2 protein chains.
Amino acid sequence: MFGVLTGKELDELPVQIDQFEFPPNYRIYSAGDVNEDVYTIRDGLVKAIARTADGAERIVRLYKPGDVLGLESLLSDGCQHTLMTMATVSVCRIPTRIIKRLLVKSPRLLEQLMRQWQISIERADYWLTHLTTGIIESRVAWLLKMLAELTSGEQPVVIVLPANQEIAAIVDATVESVSRTIANMKREKVLVRVAPHTYQCDLGKYHFDRLQVVD
Amino acid sequence: MFGVLTGKELDELPVQIDQFEFPPNYRIYSAGDVNEDVYTIRDGLVKAIARTADGAERIVRLYKPGDVLGLESLLSDGCQHTLMTMATVSVCRIPTRIIKRLLVKSPRLLEQLMRQWQISIERADYWLTHLTTGIIESRVAWLLKMLAELTSGEQPVVIVLPANQEIAAIVDATVESVSRTIANMKREKVLVRVAPHTYQCDLGKYHFDRLQVVD
DNA sequence: CGTATAATTGACTGTAGTCAAACGACGTGG
DNA sequence: CCACGTCGTTTGACTACAGTCAATTATACG
């Protein structure tokens, strides 16, 4: 994200940024917390958790390398949802006040930041139209596709499969339904285990590029 | 939104802004269009439409008075979804280039804009956790609650009921299921017709404030 | 007042939720 | 190294909510 800054703007950055790792299943912050930092993800996945009216947990967004966490702290409101790592996550931390200061000086950083917000929105729409619509098998397939896209095009595609409970919280289903779906995919060799939690994934049988009706 | 500008900043605004109305069911712009303007809604509702993989239409967001439309044009990307009015909608139009120019001068406008983006994200999460989860009756009830909140607290609450097809596109259900639900609510006097498309709405029997389990 | 469009209702089907039990993987401590 | 316990996964039987298809009735608008 800070690639867009000029040399002079970068001068004051290095001392302020530190880089470190969160352990797996670490709660970065909880809904309601006031957060003082912004993070950019270098490696790993982070899930954003919200609660439904009946108290169930629902995963509403996934952040991946390159994404920015905690932008809402620029508005000094409380955080909207809980952020939790899904594996070991390597991040850069930048204090909010640094961003605020740089923001008025660098229009390019501003654009970059607006773009991040925009990405969040687009991803929310994607989530809504692909991961909460249709039969469960198709929702799970879309999720697998999302996970597969993180592997930057290597063949064969190998993904780290989240726990059934997490998948269920993403596609809005019960653990049992997810289990049946995933078990089926294993039988059909869509998923082939290569290591604990790690599967080779061949989504060939799913046709994501189905014809889109246009007006 | 422009209430935050100082007098000097406002000076160049008036000649650039014009105010007018869109007719009901008017397509403000379509997915893929490049849009040159930003709109603030003064009155009426605007729906954002996306398409699912099987070509069905899905309403992914509602914009209400005070909201800003077309912020993605600040990034000069194509628009993500189709925007369509739900009734007569009164708007202010501001050319994107004016916003861009003002943005570097007014930190308060910047904050206002970031807040708008943040609001969109929060609303996406709300949509996900309330309008796509649980049985259809509860989703519809949440939608009615949303619509009721637009009426700024007058009692009794009177809302303009969207067509079943629109409700279906919001809560991810079929027209028939929505019809059954709405028909039931009419029988139970949750909805009482007072004019065409207009109903008095008493959501007393629904308990939105159900206990939220906290960690 | 008549017609097009939307809403309602019925009968049937199918997907996924619920409840319950068995199985498996993994880590701990003996 | 093995036994045990915990947790996650799988599977079965049953139920219920919502989808599908089709016919009928109501509503809005010219």
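Below, read A as the first sequence line, B as the second, and so on, with proteins coming before strands; counting in each chain starts at 1. All values reported here derive from a predicted model rather than from experimental measurement.
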Side-chain N or O of [X] less than 4.0 angstrom from OP1 or OP2 on [N]?
X: B/Asn184; N: C/dT8; result: no
X: B/Lys186; N: C/dA7; result: no
X: B/Thr174; N: D/dA18; result: no
X: B/Arg187; N: C/dA7; result: no
X: B/Ser179; N: C/dA7; result: no

Compare the minimum distances between each of [options] and the side chain of [X], then state the nucleotide with the smallest one.
X: A/Arg180; options: C/dT18, C/dA7, D/dC17; result: C/dT18
X: B/Ala163; options: D/dT11, C/dA16, C/dA7; result: C/dA7
X: A/Asn164; options: C/dC26, C/dA7, D/dT9; result: D/dT9
X: B/His197; options: D/dA28, C/dT15, D/dT10; result: D/dA28
X: B/Ile135; options: D/dC17, D/dC21, C/dT8; result: D/dC17

How are the rings of B/Phe22 and B/Phe20 set relative to one another: parallel (under 30°), tilted (30 to 60°) or perpendicular (over 60°)? perpendicular

On the 0 to 90° scale, with breaks at 30° and 60°, tag the B/Phe208-B/Tyr206 ring pair as parallel, tilted or perpendicular. tilted

Rounded to whole Å, how long is the line connecting atom [atom1] of [X] with atom [atom2] of [N]?
X: B/Asp54; N: D/dT20; atom1: CG; atom2: P; result: 10 Å
X: B/Ile136; N: C/dT15; atom1: CD1; atom2: C1'; result: 13 Å
X: B/Glu176; N: D/dA22; atom1: CD; atom2: P; result: 12 Å

So B/Arg139, base contact, sugar-phosphate only, or nothing? Heavy-atom distance under 4.0 Å. nothing

Note: A/Asp33-A/Arg27 ion pair, threshold 4.0 Å (strictly below): no

Verify whether one side chain among B/Thr96 and B/Ser73 offers a donor that lies under 3.5 Å from an acceptor in the other. yes

Classify the side chain of A/Arg193 versus the base of D/dT9 as yes if they form a donor-acceptor pair under 3.5 Å and no if they do not. no

Got a donor-acceptor contact below 3.5 angstrom from the A/Thr85 side chain to the A/Val46 backbone? no

